[in-house]
Amino acid sequence: MSNNDQTRHQQHCQSNTTDNHSDDHRVMVNQSMKSEKSINSSGWITANPSSFASSKMRGGGLSDTLSISKIPKQPLAWASIRHQVKEENSKDPDEVMKIVNKDQSSGDCTQAIFITCLHLSHEMSLRDVGQYAWMIPNVKDPMGSMMKIMKQYSQRVRSLSKHNVLDCRSAPDPSKVVIQHHLQRARQQAGPDNYITVFYNGHGIQEPPTEQGELWCYDRSFDECLQSGGGPSEYIPIMLFDVLAWSGSLSCYIWDVSYSGRFIKAALMEAKEIDNQFTIAAQTNPKILEVHKPNYYEKQIHFTSCGSQEKLPKINGLPDDLFTSCLINPLKIALLWHNLQIIPLSHTSTTITSGLHKRNNNDNNHGPKSQEYMDLLWENMSSSLKERLKTELFSIIHTIAWQTMTSNNKSNNDHKNTYKGDNDDDGNENGNDYLKLFGKPTNTNNQDISLISNLSTGFILSKRIFNLYGIHPQSIPSINDSVINHNLWITWDLILDNFFEQLPKYFDQSDQSNRSNQSDFEWEKKLNLVSFMKDQLESISSSLSSSSSTFISSTTATGNIMGNPNTILNRLPIICFGINIKEFRLKSIQALNSLLKSLGLKTLKFATKGGILDVSINLLHLGLDIDKQEDSNTTMKTRNNLISIWSSLVRYDLAVLSLLQRNLAQENDKNTIQTNPIKDLSGLPHIQIFLNSLEENLVKGISISDCQDQTDLNDVEEDEDEVVVLERLNLIIQNSVVLSTIANFLTVHHGTINMDHIKVSRFVLKTLSMSGIMLNSSHELVKQWGALLNAQVLALNSTNSEFSKDGNPKEGDGFEMIANLKENLLGMVKSSTVETRASAVYALIRWIPVHDKTSLLNTKTEGKGTGNMEGIQSSLEIVEQLVRLSSGEGSPLARRELSRIFIIFVEILGEYTDLALWIWILQHSIKNLPNKRKEVEGLIAEIGRKIGIQQKQLDIIKVLQRVVDAIIVFAQDADHEIVKIVKQPLIDLFISITPSEKEHDIKPSSIFNLAHGTDATGSAESLWTEELLDVMMNLKEHLLEKWGQGANRKDSKGIYRGKSLRYNNELFERSRSVLQSYLMAFNEERIVRSHTGDPSQRTSITRHRVLEDSLVVAEQQVGLPWKWEMKDITSPDPWTSMTFHSFHSTVMSCNGSHDLLLWDWSTSRKTGNVHLDLPKNEMISSARFLNELHEQTVILAEITNGDIHILSGPQDPMKIKPISNFRALDISSGSNMISEDIRNHKKLITTWYRSSGLLCVGGYSNKINVWDCPAERCVQVLKTESNSPITTLKTEPVSGNLIFSGLSNGMIQLYDLRQSNKRSLISWQGDLSITEESKIRESLQTSNSRPKSVLKIGVVLGESKYISSACSNGLMNTFDLRQLSKPINSIISHENGISSASFQPHSGLMSTISKNTTTNQSIPNANFSLYRTTQGEITLVTSDHIQFPQGQFDHTTINERFKPYTIIHPLRPFLSLGFGKKWFLRGCGIGKGDNTDSGSYTFLKSQAKYVS
């Protein structure tokens, strides 16, 4: 606003005239309002300074239950977190059972079998036999050497698997019978749910495996030869089909033999054949599946040493069993192989000769070491050094595997492997194959307890080593050959280069004589090794700190996520390994916490296959140890991050299941978790962590934060800064999420998880007590999760009731606490925050009594006609308050919960509902058949006497009738989910009062129209007839017969009333899935508030106002002519209305359909359209842009049935989607006293005040609803006290306190939102002239037969005491609010009447266009005029005669649907003139204008950039 404008504004605000108020009948002041400050003693309304105060300073002018002054104004409407996050529908009722069955069928590896075909006595005579199991066989004692080799293999494999029951079986030089015996015995011992591992070494057999995958063994076994002497004489083939069948489906095979790649193709074929045979056999004998599951193809694991046409090489310096050694001792092989390589990368260059790297360095210290040296080095390396190097190696290999096996970029392997993995389209990409090979858990000492994981790690190393010699190991599942040349191998080479370079200085120079007997490993202490883990974790921490607000989209495909190697998720194994190392633990935990916060549910499920679930469970064990240690900053950070990690993990049911399994399970069977009896759920160690943390932070956090909010900081401890308080609030919420999710999981899956041995009474009382503290918090998010925790814990108690036999708490066991919780929740339903209201209603459902023990407040007695009056009375108080608030609820999120509680309430009341519904229908019928009133009322009184209705029962029936009213409204809600919730139950309710023989008289298809008393055209006569009413009245006997049967019985229609009701947990699932988005917004708001104060003062609302005030248009100052013909645009479809975006060159129009059309006026092109799913007979009447400086486009679409739909998205129309909807105004004929035909006024009239977020809605109604849009609720209802519909609404643009309404009868009314009275302060006739000038008099006389609706009301910014109006009879007036006896100025704009008018508050310009003068054969045309209405004057700026193209539509269509319209741009000096398919842009300027013209887009943007 310019200085001149501000000065004029202040003068107007301080003016107070003393002229007497006229007694003219045209000015009607409500006498009840004369005591208000806004009207002086003479009855004059004044524009005092308080009238233009900021909206947040308002007080009063509210409904009975809500106060605008108490509403915390949020910065933007429909731009909160719930409108921006994309909800994920991941609910699968059978998901947990699928997880249980799938995971429990893939246990640990408990058996290992070594089938070693070496025949050393024969082999050593043919060739130089090298090392096997790190020993060279003795030529003189081949039998003894063979036994030592087998023993060494067994010891080494046991060291890989820390499993204490791993049984290793040795089959040296076996026969077929021996192999069969060991495999079948191993499967018997392992059971059907554990893996066995089969090592096959065929180095002593000269025949390669056959193309069909047959393997060879000997005709005589080793034991037979040992006993009888001699040796085997021939090879015996074994079909792979037999081996697979003997081993069972859960088997891992290591094939160390030349041409072993042939087993891959054969295994795929044979496993599929076995599955087919078992499936066919099960058709005749289903019990076969209990013993033999047809999952061989899915579960088998194979590692082969080479391809199908490749022969294993012999490499000097490496053992003969190189492939097996890679798998069972990868670190030692990695050291030996590195020693054979030539390049220490930091010192030398490379050449390649014969496939080997040769070192070009004369320094012997950096040359290859001898084999004796390497053996001595290995012996003198401590276990800690080996473990450190192993950790680095395993973290690198696991990261390579994770990145490769989950990547879209697959290289071509030399073999054609058709296996996809776990029956998915791509087992690699979805992570299932990685999980199968590497996903077994590790313990907190970083010891990998999975044998298969160790073998898989060694296999990747073998691929790298063998590839150098032209050999290509293969596997099932297939591991991409891209692991061979992965960049991370360079890091491993650097680590070993660094290690080898330090050996001469520290190891070589140590005491040579005692080196072989060293036990203190002093030389290791001086080593300074490169750490891959340290570097990577520092990089991840740096990445997190620089992009802490960057989120990985929950809807992004996993392949795309993994495609970027710089993402944290891509380095997930590094984090998992780092957590198990004390040195890196805290950094790794913080990285994992940040990563999980950024993952959507789909990506979280994917990430669990990378090991995060296992390490997180191990962290809980670590958390127990931390609790025992002395508290410190590090341990506190670790514990807090642990809680945050689990608040993210519990979004996935597998995480909750695993958490409970680790606590409860001693042993698992197929379908249930069986445990030893325990005292209470709260006694489980892991759950205690969250309970104790919640209790600790509630005691410290809530009181401190509330104290800070009250600005009383004297009681706050000096060390309690905002960061500490914020962290505590986060921990409160996160602990609540975990505990409520556990309760929800046990409730939902109580049928699949055996809970009989678990008590919950202490857990329930403890969590309810803490949730009560949360409900009293001043923080909305804390209150929301307090309500959700309350709801889920009560639901858990309903399935495991220990308070009393009927489910009610005993006196002294929390009875009073439960009552207090209900009162707190009832207070929350009045909150201005949508999520708080919704969560409160969601929790209150638990107080509705249901006879199948699904509520804490269960029925105690059940008698005929009375039922459970105590339980009903308790829920009656809840429902009665909710019904009063339901009509003003604007959020679908809250309305869904309201609809559920209403449906449950009416269903459990049985005969009460039947009687109330019957009475409700009869009362609605007599509105249309008043001659039947006495008869109907007498019948109702008669049935009441026969039943013996008392006052309490009458109160129930009255509440039920109001609930039915609300359900009927919900049945036609704009949200399809709400309609789905209530539609079928409502139909069932109507059917339940109808005997079967009467079904043909009352059809369910007419229920909704019957309830409203109208048909689709708005006429009541076509539905309600005396015959139909007689049918309804005759239902009396049927109701009397049913009365007293109890609420919980099966009626003649087979409908159970109040039986087995399941509380929907949709809100809880949604809340936990989007928790991190809410926490981020919560944290940012508090941090900003602590630095800048109220965030509402720094939003785009302020920026929008500053920008508007800076755009004082040049036309107003210079007076340029309005002759600039900017654009002529033709649309394929005729338009009914349009609107401009304030800052973009976007035009939005309606064409009488379900679509919004978006155009770019600068290019005259259509950019797209947005479709709404509306009822067939409804359409979009108009739309407007909201939050125009926000990143997201927000559109408010007004529907002809009284609904408003909100859409949001980026500027791309294809991405604009509906985000909310509500019934803004009830425009049905039965809801008001409007006398005019609804078809002429079937649209909404709205006015929007951006700064306060208030939307006033009028139309075909005698009410104006005032909606608080940030809160999404109706806060005030204004009454027009007229039977004429509203045709225009206008908010005074400075303060937003004053509302002007124009009616179809020409009246203008003024409302003050600060006043408690809901009626208009003052009203006057707006369609009368100031003068008796003959021309105006004649024109008005001529127009008496035409409508005189007020089409537009204008208030100039800064001149709020002057009002201008345009009426359909052609008259324009300006009024002074200080004297309304007559207009200040009047003018006839168009003698044939005004079709449309538009007003620009910044300039005071009023644009009008006349009605169409088209005859049957003439060209459509209209007159256009533009007036300035500042300071109460009416000055013509320009006028023109506009002709539109002929033949757009017929004469009837023109008159009924399409009229000429004019719209002024909100800020810029141009307007549109349109009719049908054609519209013109006219602007203020000379010629075409340039970029310096005030009408140009460049000028506008140059102004905007100066606004912060």
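Every heavy atom of this structure was used, including side-chain atoms; hydrogens, water molecules and symmetry mates were not. Since this is a predicted model, take the numbers as computed values, not measurements.
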Between K1478 and T1130, is there a side-chain donor-acceptor contact under 3.5 Å, judged purely by atom types and distance?
yes
Answer with yes or no whether the side chains of H1171 and D1155 bring together a donor and an acceptor at under 3.5 Å.
yes
Are side-chain N/O atoms of D1173 and H1154 paired as donor and acceptor at under 3.5 Å?
no
W1267 and E889: which non-hydrogen atoms are nearest, and at how many Å?
CZ3-C, 4.0 Å
side-chain hydrogen bond (donor to acceptor under 3.5 Å, both in side chains) between S1389 and T1408, intermediate numbers included:
CA-CA 7 Å; S1389 177; T1408 63; 2.7 Å; yes
Please determine if K1243 and E1198 form a salt bridge, counting it only when a charged side-chain N lies under 4.0 Å from a carboxylate O.
no
Checking side chain to side chain contact (heavy atoms under 4.5 Å, CB included) for the pair I1409/K1459: CA distance, chi angles, key distance, verdict?
CA-CA 10 Å; I1409 191 169; K1459 298 177 181 179; over 6 Å; no
Side-chain H-bond candidate by donor/acceptor type, E1188 with S1142, under 3.5 Å:
yes
Which atom pair, heavy atoms only, marks the closest approach of K1348 to D1327?
CD-OD2, 2.7 Å
Ring centers of Y1311, F1300 separated by less than 6.0 Å:
no
Closest approach of Q972 to R1223 (non-hydrogen atoms, all atoms of both residues):
O-NH2, 3.2 Å
Would you say the side chain of H83 lies within less than 4.5 Å of the side chain of S1208, judging by non-hydrogen atoms?
no
For V979, is there any backbone N or O sitting under 3.5 Å from a side-chain donor or acceptor partner on S899?
no
Hey, does the side chain of W78 reach the backbone of I1219 with a donor-acceptor pair shorter than 3.5 angstrom?
no
Kindly indicate whether the side chain of L1157, heavy atoms from C-beta on, has any atom under 4.5 Å from the side chain of M1148.
no
Per the side-chain contact (heavy atoms from CB on, under 4.5 Å) rule, which among I1442, T1438, L1426 passes with R1482?
I1442
Closer than 4.0 angstrom, basic N to acidic O: yes or no for E1272 and R895?
no
Verify side chain to side chain contact (heavy atoms under 4.5 Å, CB included) between N1221 and I1199, making sure each step is shown before the conclusion.
CA-CA 10 Å; N1221 50 60; I1199 316 303; over 6 Å; no
Under 3.5 Å: donor-acceptor pair, side chain of Q1400, backbone of H1465
yes
Should we count NZ of K1166 as having more than 12 external heavy atoms under 6.0 Å?
yes
Determine whether a donor-acceptor pair (N or O, by modelled atom type, separation under 3.5 Å) exists between the side chain of H1141 and the backbone of F1143.
yes
Using ring centroids (six-membered ring only for Trp), state whether W1135 and F1458 fall under 6.0 Å.
no
Taking the six-membered ring for Trp and the single ring otherwise, decide whether the centroids of W1161 and F1470 are under 6.0 Å apart.
yes
Working to the nearest 0.5 angstrom, can you tell me the gap between L1278 CG and S1301 OG?
8.5 Å
Compute the ring centroids of F1480 and F1444, then answer whether they are less than 6.0 Å apart.
yes
Which atom of P1420 lies closest to which atom of N1412, heavy atoms considered:
CA-OD1, 3.8 Å
For the backbone of E1178 and the side chain of T1200, can you confirm whether one donor and one acceptor N or O come within less than 3.5 Å of each other?
no
So does A1224 get a backbone contact from the side chain of N1265, meaning a donor-acceptor N/O pair under 3.5 Å?
yes
Answer whether the closest heavy-atom distance between the side chains of V1194 and L1207 falls below 4.5 Å.
no
Under 3.5 Å side-chain donor-acceptor pair for R1184 and T1246:
yes
Check: T1462/S1396 side-chain N/O donor and acceptor closer than 3.5 Å:
no
Does D975 form a salt bridge (charged side-chain N to carboxylate O under 4.0 Å, His left out) with R896? I'd like the steps, not just the answer.
CA-CA 9 Å; D975 185 83; R896 291 175 188 176; 3.1 Å; yes
Among V1257, I1299, V1275, which residue meets the side-chain contact (heavy atoms from CB on, under 4.5 Å) test with V1266?
V1275
Restricting to non-hydrogen atoms, name the atom on S1145 and the atom on S1162 that form the minimum distance, rounded to 0.1 Å.
OG-OG, 3.5 Å
Rounded to the nearest 0.5 Å, what separates atom OG in S1425 from atom CE in M1406?
12.0 Å
Give a yes or no on whether the backbone of V1350 and the side-chain of T1287 come within a donor-acceptor separation of less than 3.5 Å.
yes
Search all heavy atoms of I1394 against all heavy atoms of L1351 and return the closest pair with its distance.
O-CD1, 3.2 Å
For a ring pair (Phe, Tyr, Trp, His ring centres under 6.0 Å) check, start with the C-alpha distance between W1479 and Y1461, then their side-chain angles and the critical distance, and finish with the verdict.
CA-CA 9 Å; W1479 56 288; Y1461 59 84; 8.0 Å; no
Is R1165 salt-bridged to D1160, cutoff N-O under 4.0 Å?
no
